[in-house]
Protein chains: 2
Amino acid sequence: MKNSELKKAGLKTTIPRIQILELLDSTDSPKHLSAEDVYKKLLSQDSDIGLATVYRVLTQFEQAGLVTRHHFDGVHSIYELNNGQHHDHMVCGDCGNVHEFYSEKIEQGQHDIAIENGFTLKHHSLYMYGTCSECNKKQL
Amino acid sequence: MKNSELKKAGLKTTIPRIQILELLDSTDSPKHLSAEDVYKKLLSQDSDIGLATVYRVLTQFEQAGLVTRHHFDGVHSIYELNNGQHHDHMVCGDCGNVHEFYSEKIEQGQHDIAIENGFTLKHHSLYMYGTCSECNKKQL
DNA sequence: TTGATTGCAAAGAATTTGCACTGGG
DNA sequence: CCCAGTGCAAATTCTTTGCAATCAA
């Protein structure tokens, strides 16, 4: 399981790595977490892991392709377990909820624009900010 | 000119503000600058403006809608004079060049997705990273 | 005049690094 | 056993703030 994912990435199997991987994978917790979020969550689960380690591990995971790093409007980085399928994000400014989506039309549009400009597209980041349906309802 | 733009924004006409506005507006310099870039550029033009002031002024400009702030993959914020017409960006990882583009198809796609999800879209950020045509040529 | 604005230095927030210690293979 | 991995504290980087001096209206 987690064990083999780490090995595949060339990383030794250690407590902090396992725990962070499990945390990111757990379905109950939000899937988009900052380093601080991960740190606090681990602390509240007994773990006496250091914040620096969280940063180091997340960075290694990112380099290994296990995790994707985002820069939502705010200041700090947000990490998300990489499930293999590309998607973009819709961030609700009211409740902070992050919704994932995929649009073939948008992907195509990007591809087209890149071609038009002789640009070799490696990756992209698209964030849509606004108010989610839940929050829209509440404000009635 | 600059003067009235500032007044319209409710900001007093001061040397730092004028200079920063002119810098951002000048066609010769890149249009996408970090606070540090602006600061260094001003220093090299005699000006003895403080870095803190650059940050303050850029933040005020952003709030006044005169300037748009971006968070390209890197760490620091990048500022750009707001010319009124929305556009997205293509960032070359090799030469650092930033190219602006606008795609009706992509904008439409975003609008569609938002509707589909009952999401009220306020704004978005789309950055495409890769290699620009110039750099592609050089690598032949 | 007078409150807005600035420069400087000091404070903050997020992230990284140095180093001695620990632990997985 | 041995080096990768870790915790802690100190260092960096980017940005914001406090405060006395300065300036535009």
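Being a predicted model, the structure only gives us computed values, none of them experimental. Letters go in sequence order (proteins before strands), and every chain restarts at 1.
Under a 4.0 Å N-O distance rule, the pair A:E62/A:R69 qualifies as a salt bridge.
Taking atom CG of A:D37 as the reference point, atom P of C:dA13 lies 16 Å away to the nearest angstrom. Straight-line distance from the CG atom of B:L6 to the P atom of C:dA4: 17 Å, rounded to whole Å. Here the P atom of nucleotide C:dT5 and the CG atom of B:L58 are 15 Å apart, to the nearest Å. In this structure, A:L11 places its CG atom 13 Å from C1' of C:dG24, rounding to the nearest Å. In this structure, A:R69 places its CZ atom 7 Å from P of C:dT15, rounding to the nearest Å. In this structure, B:D48 places its CG atom 16 Å from C1' of C:dA9, rounding to the nearest Å. Between the OH atom of B:Y39 and the P atom of C:dT6 there is a distance of 15 Å, given to the nearest Å. Between the CD atom of A:E36 and the P atom of C:dT16 there is a distance of 13 Å, rounded to whole Å.
Under the 30°/60° scheme for interplanar angles, the aromatic rings of A:Y127 and A:F72 are found to stand perpendicular.
A donor N or O paired with an acceptor N or O is not found under 3.5 Å between the base of C:dG23 and the side-chain atoms of A:R17.
With B:V38 as the fixed residue, the side chain to side chain contact (heavy atoms under 4.5 Å, CB included) test singles out one of B:I49, B:L43, B:L23, B:V57: B:L23.
In this structure, A:I49 reaches the sugar-phosphate backbone alone: every heavy-atom distance under 4.0 Å involves primed, P, OP1 or OP2 atoms, never a base.
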Just do the ring pair (Phe, Tyr, Trp, His ring centres under 6.0 Å) check on B:H124 and B:H86 with the steps written out, would you? CA-CA 10 Å; B:H124 71 260; B:H86 166 72; 4.6 Å; yes
Begin with the C-alpha distance, continue with both residues' side-chain angles, and end with the deciding distance and a verdict on ring pair (Phe, Tyr, Trp, His ring centres under 6.0 Å) for A:H70 and A:H89. CA-CA 10 Å; A:H70 297 289; A:H89 298 85; 4.4 Å; yes
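Residues A:V98 and A:K31 have side chains not in contact (no heavy-atom distance under 4.5 Å, counting atoms from C-beta outward).
In the set C:dA4, C:dG25, C:dT15, C:dT15 carries the atom at the smallest distance from any side-chain atom of A:S77. Residue B:P16 has its side chain nearest to C:dT6 when only C:dT15, C:dA9, C:dT6 are considered. For A:T13, whose side chain is taken as the heavy atoms from C-beta onward, the closest listed nucleotide among C:dT16, C:dG25, C:dT5 is C:dG25. Listed candidates were C:dC8, C:dT15, C:dT17. Nearest to the side chain of A:L51 is C:dT15.
Read 5' to 3', the first and last nucleotides of DNA chain D with an atom closer than 4.0 Å to a heavy atom of chain A are D:dA4 to D:dA9.
Annotation: of the two residues near DNA chain C, A:R56 and A:S34, the 5′-most nearest-nucleotide partner is A:S34. Remark on DNA chain D: of its neighbouring residues B:T14 and B:T59, the 5'-side contact belongs to B:T59, judged by nearest-heavy-atom nucleotide.
Using a 4.0 Å cut-off, some side-chain N or O of A:Y55 falls inside it from OP1 or OP2 of C:dT15.
If you look at A:Y129 and B:H123, their ring centroids are closer than 6.0 Å.
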